[in-house]
**Student:** 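Below: one structure in structure tokens.
Residue numbers begin at 1 in each chain, while the letters A, B, ... track the order of the sequences.
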Amino acid sequence: MRTALLIFAILALSPLSAMAEEAVRIIEPWARASVLSSHPVAVYLTIESVHNDRLISVESPIADRVTIHATQSNDGVSRMMHLSALDLPSGRSVVLAPGGYTSDVGGTD
Amino acid sequence: MVFFGFTYCPDVCPTTLAYIATVLDTLGDTATQIAPLFVSVAPDRDTPGVMSDYVSAFHPGIVGLTGSDADIAAAADAFRVYYERIEEDSAPDGYLMAHSGHIYFMTPEGRFETVFREAGQPTEVMAREIRTIMKKYGK
């Protein structure tokens, strides 16, 4: 089940980026329907930036907090690491997908 | 079918549960002969009620199991499942669990048959392998 979700990506260079048309593009954002509103839900999307940029925060009007994690799997054990920022290299797609980078939305009551 | 996780897991567990739900749907009637068990590694928050609400959202056939810390440790030990609490300020209640993501496929007698990973094969391939195994046992 995939639902479109409204989120705002806050970028380190946002005032500059905002001047250029589509300097940063968010492509195909989706999330699984939340099961219990008290539980966090991962949001998946692809980010493309024209310039070298950095995602420093994510906000949503429907959530108390949105955090960025990287899931790392070693010997079959999955661990989530909190990231304070995500680099967006110029012209390259940064993919947030199951089992990799995720943006996690919590407190959606 | 046995796998471990926790309901506050935003990524790996829902991905695995959705994957297993698709495998069960692909198996159709054959799935009624399988007991898919999701065992919590965070039993303090994953009460029987929470587990039931959580797993039933993915598939009506999946059973959620929880218990005391000692019960969970014994179950995880029996399946050689590793899990560990990780303090993480950004997570609800300030912690996350690291855990093994294997999907164990056991015989009705409780003997190990094989193991799958969610990322290891498409759902239809896992369903096909399960059919082959069940045919071997005359199911």
Side-chain angles (χ1 to χ4, degrees), chain A residues 1-3 5 7 10 29-46 55-60 62-86 95-109, chain B residues 3-19 21-22 41-42 45-47 49-59 62 64 76 79-104 115-120:
Chain A
M1 214 180 316
R2 294 179 174 205
T3 51
L5 199 89
I7 60 165
I10 299 174
W30 68 279
R32 288 203 169 77
S34 64
V35 177
L36 302 168
S37 62
S38 53
H39 287 48
V41 177
V43 176
Y44 306 110
L45 47 94
T46 298
L55 180 68
I56 54 171
S57 176
V58 183
E59 287 180 5
S60 167
I62 60 151
D64 292 342
R65 62 189 173 277
V66 186
T67 49
I68 309 165
H69 287 101
T71 298
Q72 293 191 331
S73 293
N74 286 318
D75 296 330
V77 177
S78 301
R79 262 169 231 278
M80 288 178 60
M81 328 266 274
H82 178 242
L83 301 181
S84 54
L86 192 59
V95 181
L96 280 67
Y101 290 126
T102 62
S103 178
D104 300 304
V105 175
T108 52
D109 315 61
Chain B
F3 53 111
F4 290 71
F6 64 115
T7 68
Y8 279 80
C9 165
D11 182 29
V12 171
C13 306
T15 300
T16 304
L17 281 159
Y19 175 88
T22 306
V41 292
R45 286 187 301 189
D46 288 341
T47 61
V50 169
M51 288 295 280
S52 168
D53 288 347
Y54 190 75
V55 296
S56 62
F58 290 91
H59 195 281
I62 300 175
F79 283 90
R80 295 181 199 152
V81 163
Y82 175 84
Y83 66 101
E84 177 195 0
R85 178 179 164 130
I86 293 175
E87 304 305 319
E88 172 57 65
D89 288 343
S90 68
D93 301 327
Y95 74 95
L96 287 165
M97 301 299 295
H99 61 92
S100 311
H102 298 103
I103 305 165
Y104 296 94
V115 65
F116 297 96
R117 296 269 307 158
E118 179 270 320

**Student:** Please indicate whether Y44(A) has more than 12 foreign heavy atoms, meaning atoms of other residues, nucleotides or ligands, lying under 6.0 Å from its OH.
**Tutor:**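 Count over threshold, so yes.
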**Student:** Which atoms of V50(B) are under 4.5 Å from chain A, going by heavy atoms: the side chain, the backbone, both sets, or neither?
**Tutor:** both
**Student:** To check you understand the geometry: which heavy-atom pair defines the closest contact between R117(B) and S73(A), and what is its length?
**Tutor:**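 Shortest heavy-atom contact: NH2-OG, 4.3 Å.
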**Student:** In terms of heavy-atom proximity below 4.5 Å to chain A, should F58(B) be classed as side chain, backbone, both, or neither?
**Tutor:** side chain
**Student:** How long is the span from the CE atom in M97(B) to the OG atom in S78(A), to the nearest 0.5 Å?
**Tutor:**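 Nearest 0.5 Å value for the CE-OG distance: 13.0 Å.
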**Student:** Considering only heavy atoms and a distance below 4.5 Å, find which of M81(A), R65(A), R79(A), M80(A) pairs most often with chain B.
**Tutor:**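 With the most close heavy-atom pairs to chain B, the winner is R79(A).
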**Student:** With a 4.5 Å cut-off on heavy-atom pairs, point out which of P14(B), P92(B), P10(B), A98(B) contacts chain A the most.
**Tutor:**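 Most pairs with chain A among the choices: P10(B).
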**Student:** For D89(B), is the CG atom crowded, meaning more than 12 foreign heavy atoms sit under 6.0 Å from it?
**Tutor:**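 Incorrect, the count does not exceed 12.
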**Student:** Partners of F116(B) by ring-ring contact (aromatic ring centres under 6.0 Å, His included), sequence neighbours excluded?
**Tutor:** none
**Student:** On a heavy-atom basis, which atom in Y8(B) and which in P40(A) lie closest, and how many Å separate them?
**Tutor:**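 Shortest heavy-atom contact: O-CG, 3.3 Å.
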**Student:** Where on E118(B) is there a heavy atom nearer than 4.5 Å to chain A: the side chain, the backbone, both, or neither?
**Tutor:**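 Nothing of E118(B), per the 4.5 Å heavy-atom cut-off to chain A.
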**Student:** In Å, rounded to the nearest 0.5 Å, how long is the span from NE2 of H39(A) to CG of D46(B)?
**Tutor:** 6.0 Å
**Student:** Taking the side chain as everything from C-beta on, heavy atoms only, tell me whether V77(A) gets closer than 4.5 Å to E84(B).
**Tutor:** no
**Student:** Quick one: salt bridge (charged side-chain N to carboxylate O under 4.0 Å, His left out) partners of R85(B), sequence neighbours excluded?
**Tutor:**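 Testing R85(B) for salt bridge (charged side-chain N to carboxylate O under 4.0 Å, His left out), a comparison that skips the adjacent residues, returns E87(B).
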**Student:** At a 4.5 Å cut-off on heavy atoms, which part of T102(A) comes close to chain B: side chain, backbone, both, or neither?
**Tutor:** side chain
**Student:** Would you say the side chains of T71(A) and D11(B) form a donor-acceptor pair under 3.5 Å?
**Tutor:** yes
**Student:** Among the options S100(B), A18(B), G101(B), C9(B), pick out the one with the most heavy-atom pairs lying under 4.5 Å from chain A.
**Tutor:**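 Looking at each option in turn, the highest pair count goes to S100(B).
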**Student:** Nearest 0.5 Å, what's the OH-CG distance between Y82(B) and N74(A)?
**Tutor:**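 Here the rounded value is 11.0 Å.
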